2 protein chains.
Amino acid sequence: MDSLTDADPHTQKSTVTQVRAFLAQSNLPDDGRLPPERELSTALGISRTELRKALDVLEAEGQIWRHVGKGTFMGSRPLDTFADIAALARRSNPAEVMRARIVIEPEITRAAAFTATPADISEMRLCLARSRQADSWRQYEGWDTRLHRTIAEATQNGLLLGLFDTLNAVRRAVTWGRLRALPVKPAPDHHSFREHEAIVDAIEHRDMAGAANAMRNHLRTVERKLLDKQLRAAEED
Amino acid sequence: MDSLTDADPHTQKSTVTQVRAFLAQSNLPDDGRLPPERELSTALGISRTELRKALDVLEAEGQIWRHVGKGTFMGSRPLDTFADIAALARRSNPAEVMRARIVIEPEITRAAAFTATPADISEMRLCLARSRQADSWRQYEGWDTRLHRTIAEATQNGLLLGLFDTLNAVRRAVTWGRLRALPVKPAPDHHSFREHEAIVDAIEHRDMAGAANAMRNHLRTVERKLLDKQLRAAEED
DNA sequence: ATGTAAACCAAAATCAAATTGGTGTCTGAC
DNA sequence: GTCAGACACCAATTTGATTTTGGTTTACAT
């Protein structure tokens, strides 16, 4: 099969097909990585230079992809994706962020009601207490943020937590600078206090539907306040 | 100033203030990291136990935050905005991804049922048809992915779409290379065909609850198949 | 009882060594 | 002269051992 006498111009082509055959028959590991060039060249009985030429062809065809220090792999190069927070924030707006929160966070809360540990719940309680004691909006916001994140942590699901963090990062980027300290601190009867407590209570009672509803209710209130504020600001203009 | 004779019950309080004073005067590095506990305790001439108690107080106050292996830092804990897909994927696994999908995607579908345009719906129908005609699992997967993304697009919410893309990128990174062509192509009675159609039907009828349920039902089936596959693989070992 | 010191643990950072694809250089054969 | 092959070198990456660090337990002393 393999011609030892390939000094003819078909050399390139034959090495390519030879490599193709090897890849077809050899069962590669799950990640589709094939042996390093030095190894593969001796295994196929060809020089590394020639092997690399064949691999160049296969890479141009999109059959394989290579990366220094990593290796050569079958298939197409995995897109190195960074969820670009800044880009998302630029294309978004406060209303959209609120809508997304209303879609996502209640379900995260529902999941948290199922998986939260006592430690999670006591941390939520701590956040509640601290947010009540806060003597500035800045502090209050810190504890509010931490409460919501603790709920996401309580899902015990790193991916959900990551998605929540992304959502939150966009929220902060969009809302940035919008709220400044108008009143000195939240009033003791601020709606969020009651609503936050309802959420944590439901989580503690493992009431998944109740937790989701409480969170949805809370976010709807926040959304309403946000729209009111925008209206008022528009009227002042 | 510092009392060397604090055997009184005020010991705790004084150590806290002592540490506070240290933090106030010492110019910390840019990242706000303060010396390791062992070092700081000897520098302040107090035991590590006592120092840690003081740090506990400061942490509860939100003045500092700590992390094993990293150190203790001033300010509030930076939400690790690791929108880094690769990092998320490394810390995750197929089961966790499925759980996250079941939490997120049904609600996105519910929102889509409210906002989808006729153009969105006809594109969904196109994906359905193409996926039926696919003659390889690879092709089928392509249309399946596109259908799910079209649903996310139909929410008309760029942020939700971005979150979906992030979730999807992690899914692909985690599942990568795990599924390979056992049968040549999906059977005509593959469960996904019926389930996908139920989802699109519900969206077309503006049936928000039905759409969410159909999506949840679909993903639960996928999860079950995934777990079955893992079980079978485990038995073979 | 209370507090201290020491030991131990697991998470994370750190550092050195080995891998690996990419690139240039020199030699020898034709 | 041309070109393939062997070799050396480079930079990115992985791997593994070691160190550092906050958290926890244990033994001991006062």
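Letters A, B, ... are given to chains in the order of the sequence lines, protein chains preceding strands, and every chain is numbered from 1. Source: prediction; values computed, not measured. The analysis underlying the following values was restricted to heavy atoms, covering all of them including side chains, and did not include hydrogens, waters or symmetry mates.
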Test of ring centre spacing under 6.0 Å for B/His218 and B/His148: yes

Distance in angstrom units between B/Leu34 CG and D/dT21 P, rounded: 11 Å

Between C1' of D/dT24 and CG of B/Leu51, the distance in whole Å: 16 Å

B/Lys70 NZ to D/dT19 C1', straight-line distance once rounded to whole Å: 17 Å

Nearest to side-chain heavy atoms of B/Arg52, which nucleotide of D/dT21, D/dG23, C/dT23: D/dG23

Heavy-atom neighbours of B/Arg130 CZ exceed 12 at 6.0 Å: no

Polar side-chain contact B/Arg48-C/dG3 base: donor and acceptor under 3.5 Å: no

Between C1' of C/dT2 and CD of B/Glu50, the distance in whole Å: 11 Å

Short side-chain N/O contact from B/Arg66 to OP1 or OP2 of D/dT21, under 4.0 Å: no

D/dT21 phosphate, OP1 or OP2, under 4.0 Å from B/Arg38 side-chain N/O: no

Interatomic distance where CG belongs to B/Leu40 and P belongs to D/dT21 [whole Å]: 12 Å

For atom CH2 of B/Trp65 and atom P of C/dA11, their distance in whole Å: 17 Å

Sugar-phosphate, base or nothing in reach of B/Thr49, heavy atoms under 4.0 Å: base

Side chain of B/Thr72 (C-beta onward), nearest among D/dT21, C/dG22, D/dG22: D/dG22

Length of the line joining A/Asp56:CG and C/dT23:C1', which is rounded to integer Å: 12 Å

Whichever of B/Gly69 and B/Ile46 has its nearest DNA chain C nucleotide further upstream toward 5': B/Ile46

Short side-chain N/O contact to C/dT20 OP1/OP2 from A/His67, under 4.0 Å: no

Side-chain donor/acceptor of A/Arg33 to backbone N/O of A/Phe73, under 3.5 Å: no

Flag, side chain of A/Asp165 to backbone of A/Gly162, donor-acceptor distance under 3.5 Å: no

Main-chain N/O of A/Ala154 paired to A/Thr115 side chain as donor or acceptor, under 3.5 Å: yes

Residue B/Glu37, side-chain heavy atoms: nucleotide from D/dG23, C/dT20, C/dT4 that is nearest: D/dG23

Rounded interatomic separation in angstrom, taking CG from A/Leu55 and C1' from C/dT20: 13 Å

Nucleotide nearest A/Arg33 (side chain, heavy atoms from C-beta), chosen from C/dT20, C/dA11, D/dT14: C/dT20

